[in-house]
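Okay, handing you the structure first.
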Amino acid sequence: MTRTPEITELATFLHTTTAPASTRDLADRFGGGKTLWVEYHRGARIVPWHLLERVVTETIPDRHARMLTLARAKHLYNSAEASAARAEVLAPPPNRGLLIALLATAALSLGALAGRRTTRRKPATP
């Protein structure tokens with residue numbers, strides 16, 4: 001996944017929200033492995049909404065602060081998902097050079113076949 005500024009912002013938000021806890025503590029409390037939480041914190045993966053919502057709900061005791069933080073979390077999550085989708089659509093295909101070479105070879109082959117006229121026609125009857 002391509003990291004975008006929006007994904008980085010979401011990762012920073014998550015890291016700040018969970019700052020007192022270690023990745024091991026987060027994995028034990030919310031599930032997933034330690035490596036997965038490291039990826040969420042680095043922005044290598046987008047934390048799923050249901051998990052982000054649970055983290056905010058369980059780590060912020062004050063109701064008003066929790067509601068404000070949930071609204072910010074939802075905004076950041078939506079922005080990160082949208083930017084990831086845009087980056088995926090705009091990303092060049094893998095092995096672009098190989099793809100171009102294959103297309104050129106196919107075009108040459110089709111051109112050669114068209115020039116040979118391998119089909120036989122029936123002789124004209126008198």
Side-chain angles (χ1 to χ4, degrees):
M1 174 174 53
T2 303
R3 278 184 73 181
T4 65
E6 293 86 355
I7 293 171
T8 301
E9 189 175 6
L10 176 64
T12 302
F13 171 84
L14 177 66
H15 195 279
T16 302
T17 303
T18 60
S22 69
T23 52
R24 170 61 55 210
D25 293 338
L26 293 169
D28 291 343
R29 184 173 177 185
F30 298 107
K34 179 182 169 188
T35 303
L36 192 58
W37 280 95
V38 169
E39 290 177 351
Y40 293 153
H41 281 161
R42 284 186 328 176
R45 285 190 186 216
I46 296 175
V47 60
W49 170 246
H50 71 276
L51 186 57
L52 182 58
E53 181 180 33
R54 186 172 160 218
V55 166
V56 170
T57 301
E58 292 184 21
T59 56
I60 301 179
D62 179 64
R63 183 178 182 276
H64 183 68
R66 184 172 54 249
M67 292 295 125
L68 291 173
T69 305
L70 276 172
R72 174 134 174 82
K74 186 63 172 172
H75 172 74
L76 291 173
Y77 174 80
N78 289 340
S79 295
E81 282 288 324
S83 72
R86 280 191 307 275
E88 187 175 321
V89 167
L90 298 175
N95 297 323
R96 187 175 186 169
L98 177 61
L99 180 61
I100 291 170
L102 288 172
L103 288 173
T105 302
L108 289 173
S109 298
L110 288 173
L113 285 174
R116 278 193 0 201
R117 290 200 166 260
T118 58
T119 58
R120 293 186 184 198
R121 294 185 182 184
K122 290 182 180 179
T125 55

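Here the structure is a predicted model, which means the values were calculated and not measured.
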Next on the checklist: With side chain to side chain contact (heavy atoms under 4.5 Å, CB included) as the criterion, how do Glu81 and Trp49 come out once you've worked through the C-alpha distance, each side chain's angles and the decisive distance to 0.1 Å?
Outcome noted: CA-CA 10 Å; Glu81 282 288 324; Trp49 170 246; over 6 Å; no
Next on the checklist: Working to the nearest 0.5 angstrom, can you tell me the gap between Ile46 CD1 and Leu14 CG?
Outcome noted: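 Ile46 atom CD1 to Leu14 atom CG measures 12.0 Å (nearest 0.5 Å).
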Item to check | Between CG on residue Leu52 and CG on residue Leu70, distance to nearest 0.5 Å | outcome: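 The distance works out to 8.0 Å.
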Next on the checklist: Would you say that Thr69 contacts Thr59 through its side chain, given a criterion of any heavy-atom pair below 4.5 Å between the two side chains?
Outcome noted: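 Thr69 does not reach Thr59 side chain to side chain.
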Item to check | Where at least one partner belongs to residues 32-41, residue pairs that pass side-chain hydrogen bond (donor to acceptor under 3.5 Å, both in side chains), sequence neighbours excluded | outcome: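 Found Thr18-His41, Glu39-Arg45.
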Item to check | Approximate separation, where rounding is to 0.5 Å, of Thr12 OG1 and Ile7 CD1 | outcome: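 CD1 of Ile7 is found 11.5 Å from OG1 of Thr12.
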Next on the checklist: So, taking the atom named CG in Leu10 and the one named OG in Ser79, what distance separates them when rounded to the nearest 0.5 Å?
Outcome noted: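 Spacing of CG (Leu10) from OG (Ser79) equals 9.0 Å.
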Next on the checklist: Let's go through Arg66 and Thr57 carefully: what are the C-alpha distance in whole Å and the side-chain angles of both, what is the deciding distance for side chain to side chain contact (heavy atoms under 4.5 Å, CB included) to 0.1 Å, and is it a yes or a no?
Outcome noted: CA-CA 6 Å; Arg66 184 172 54 249; Thr57 301; 4.1 Å; yes
Checklist entry - Can you name the closest pair of heavy atoms from Gly32 and Ala27 and give their distance? => result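 Between these two residues, the closest heavy atoms are O-CB, 3.2 Å.
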Checklist entry - How close do Arg29 and Glu58 get, heavy atom to heavy atom, and via which atoms? => result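 Nearest pair, atom of Arg29 first, then Glu58: NH2-O, 3.1 Å.
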Item to check | Check against side chain to side chain contact (heavy atoms under 4.5 Å, CB included), Arg72 and Leu68 | outcome: CA-CA 6 Å; Arg72 174 134 174 82; Leu68 291 173; over 6 Å; no
Next on the checklist: I need the Leu76 CG to Thr8 OG1 distance, nearest 0.5 Å.
Outcome noted: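 Going from the CG atom of Leu76 to the OG1 atom of Thr8 covers 11.5 Å.
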Checklist entry - Given the rule that I, L, V, M, F, W and Y join up when any side-chain heavy atoms are under 4.5 Å apart, are Phe13 and Val38 in one cluster? => result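 No, Phe13 does not connect to Val38 through the hydrophobic network.
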